[in-house]
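Report on the following structure.
Because the structure is a prediction, the values reported are computed rather than measured. Per chain, numbering begins at 1; letters A, B, ... match sequence-line order.
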Amino acid sequence: MRQDLEQIVKLLETFWMEVKRGAMSVPRGAVATYGDLAEALGDRGAARALPGVLEEIKRLGDPFSRVPENVPLHRFVRSDGWIREECREALMREGVEVREGRVGDLPSRVWKDFSISAVLTALRELQKKAAADMHTPQVHDAESFLSVDVSYAGRRALICGVLFGRGDVEEVKVETEVLFPYVPGYLFFREGVLIAQMMDEHQLKPDVILLDGHGVLHPRGSGLATHLGSLLRVPSIGVAKSLLVGGHRKEKEIEAVFLAGEQRGWAVKKSVIKKRGRRYIYISPGWGVGLEGSLKIYLKAADIIGGEPVERAHRCAARW
DNA sequence: GCGACAG
DNA sequence: ATCTTGTCGC
Ligand SMILES: [Mg+2]
């Protein structure tokens, strides 16, 4: 079953609505932790993204409504009781005891009765569907390539695609609004959605897309490259600078990367691609490409562009 | 206190 | 990813 961009974007809008509802429900005189709000949203791992999200809602409004909301940002603390510097005074005025930057008696003050929908769980369900979509005849070669990267400035994003493989090299750039924070394991919803918009707008149909992130080398087998490839029905490969999950030996120039006892990708010394560099980069199949195909096609792309393909897109995206 | 989780 | 001076290594 195919997903569509509008359905996904709708869920991202829901994310902001639910964060707002959750934040507004914390009563005066109480505090809530970022972790508990994240858990109510479906994943405690999103806790680190929430201070920024709440602040954005208050200052600028969510990216959909763009109407600033007076969320009680000051009632949110870290799970160890730590309160943001600028929130301490407001909290004290509400009768909360503040000692050395922390909530006096956290267990008695903390409120966690959120009744919001678990949007992040819904996002994970989409990831699982994309991961299950992994079959189809896999490609073993490609003639035209698109490498992509995204840079950020506040809530603006610059998406840059580099098309190559048929002689010339073409750059495509699109500037848009960021719709979702960075949460480890959910990169597709931040960058993939913007990249899909860019490819729609310019009607790009390369044989394969090379993305700055992982493919099946992901907790749910559904990284940025996998989900985007599945959405667009374009074969894709993940090219990451570090691991999110999994591990590998460090003896040969090219090593297999394993996750839960199964090979999910490759670690390739950068020196294989470029003159310098001793670090590994991580290649994994996205969608419509197998393990062997991902490595073969990636090395071909690197050879044609004469360097690391995603790095090429990275430099492009750095120029606003 | 330390380690850690793509971008 | 971004914020940023000087510093290290090829
Ligand atoms: Mg990037």
Side-chain angles (χ1 to χ4, degrees), chain A residues 12 34-35 38 42-53 55-56 78-82 102 120 123-124 127 130-131 147-161 175-196 198 209-229 236-248 257 259 264-271 274-287 294 298 308-311 313-320:
Chain A
L12 301 187
Y34 301 112
D43 193 338
R44 278 192 92 83
R48 286 186 306 168
L50 293 181
V53 166
E55 190 170 7
E56 188 174 338
R78 292 188 340 193
S79 57
D80 61 1
W82 184 259
R102 286 161 206 269
L120 299 178
L123 297 185
R124 281 199 305 282
Q127 292 183 322
S147 65
V148 187
D149 196 17
V150 183
S151 66
Y152 301 88
R155 63 194 302 177
R156 301 294 290 174
L158 181 63
I159 304 100
C160 181
E175 194 185 326
T176 39
E177 199 94 335
V178 177
L179 302 178
F180 194 71
Y182 170 69
V183 179
Y186 299 78
L187 181 60
F188 165 79
F189 298 103
R190 178 174 178 80
E191 290 200 1
V193 165
L194 305 185
I195 294 167
M198 181 273 282
I209 320 170
L210 305 170
L211 294 147
D212 190 14
H214 294 290
V216 299
L217 187 45
H218 176 275
R220 293 169 286 283
S222 193
L224 169 65
T226 303
H227 207 151
L228 186 70
S236 59
I237 296 170
V239 183
K241 296 178 286 296
S242 67
L243 286 175
L244 172 63
V245 286
H248 63 91
V257 179
L259 175 61
R264 292 300 192 93
W266 306 92
V268 179
K269 272 233 170 90
K270 206 167 177 184
S271 54
K274 302 191 70 172
K275 292 169 186 170
R276 17 180 350 110
R278 56 204 154 167
R279 287 182 57 91
Y280 282 101
I281 50 184
Y282 302 94
I283 311 302
S284 61
W287 181 86
S294 67
Y298 173 75
E308 208 298 294
V310 171
E311 204 168 275
H314 184 84
R315 285 195 301 271
C316 171
R319 296 179 33 211
W320 293 64

Has A:Ser222 got a side-chain atom pairing as donor or acceptor with A:Gln127's backbone, closer than 3.5 angstrom?
yes

With a 4.0 Å cutoff (strictly under), does any side-chain N or O of A:Ser242 reach OP1 or OP2 of B:dC5?
no

Could you check how far CD1 of A:Ile283 sits from P of B:dA6, rounded to whole Å?
17 Å

Do any side-chain nitrogens or oxygens of A:Lys241 fall under 4.0 Å of OP1 or OP2 in B:dA6?
no

Whole-Å distance between B:dG7 C1' and A:Asp149 CG?
8 Å

Tell me whether A:Arg190 contacts the main-chain N or O of A:Phe180 through its side chain, where contact means a donor paired with an acceptor under 3.5 Å.
yes

Given 3.5 Å as the limit, does a donor-acceptor pair link the side chain of A:Ser151 with the main chain of A:Ala317, or not?
yes

Please answer whether the main-chain N or O of A:Gly185 pairs with a side-chain N or O of A:His218 as donor and acceptor at a distance below 3.5 Å.
yes

Mind checking if A:Gly185 touches a base, just sugar-phosphate, or nothing, with heavy atoms under 4.0 Å?
base

DNA chain C base-pair string [pairs: Watson-Crick or G-U under 3.5 Å; |: paired with another strand]:
..........

Select base, sugar-phosphate, or nothing to describe what A:Tyr186 touches, counting heavy atoms under 4.0 Å on all strands.
base

Angle between ring planes, A:His227 versus A:Phe189, binned at 30° and 60°: parallel, tilted or perpendicular?
perpendicular

Rounded to whole angstroms, how far apart are NE2 on A:His214 and C1' on B:dG7?
10 Å

Could you check how far CZ of A:Arg48 sits from P of B:dA6, rounded to whole Å?
7 Å

Is a donor on one side and an acceptor on the other found under 3.5 Å between the side chain of A:Arg264 and the backbone of A:Val216?
yes

So the contacted stretch of DNA chain C, first to last nucleotide with an atom under 4.0 Å from a non-hydrogen atom of chain A, runs from C:dA1 to C:dC10

Could you state the atom-to-atom distance from CZ of A:Phe189 to P of B:dA6 in whole Å?
17 Å

Could you tell me how far apart A:Leu187 (CG) and B:dG7 (P) are, to the nearest whole angstrom?
8 Å

Starting from C1' on B:dA6, measure out to CZ on A:Arg264 and report it in whole angstrom.
15 Å

Within 6.0 angstrom of A:Arg279 CZ, more than 12 heavy atoms from elsewhere
no

Starting at CG of A:Leu244, measure out to CG of A:Leu224 and round the result to the nearest 0.5 Å.
11.5 Å

Expected output check: what is the dot-bracket annotation of DNA chain B, where ( ) and [ ] are pairs inside the strand (brackets for crossing ones), | is paired with another strand, and pairs are Watson-Crick or G-U under 3.5 Å?
.......

With a 4.0 Å limit, can you tell me whether A:Tyr152 has a side-chain N or O closer than that to the phosphate oxygens OP1/OP2 of B:dG7?
no

Could you check A:Lys270 against A:Glu308 for salt bridge (Lys or Arg N to Asp or Glu O under 4.0 Å), going step by step and ending with a plain yes or no?
CA-CA 8 Å; A:Lys270 206 167 177 184; A:Glu308 208 298 294; over 6 Å; no

To the closest 0.5 Å, what do you measure between CD1 (A:Ile237) and OG1 (A:Thr226)?
11.0 Å

Rounded to the nearest angstrom, tell me the gap between atom CG in A:Asp212 and atom C1' in B:dG7.
6 Å

Using a 4.0 Å heavy-atom cut-off, does A:Leu224 contact any base of the nucleic acid, only the sugar-phosphate backbone, or nothing at all?
base

Within the distance-only criterion (no hydrogens, no angle test), does the side chain of A:Ser236 pair as donor or acceptor with the backbone N or O of A:Trp287 below 3.5 angstrom?
yes

Ring geometry between A:Tyr280 and A:His248 (parallel below 30°, tilted from 30 to 60°, perpendicular above 60°):
perpendicular

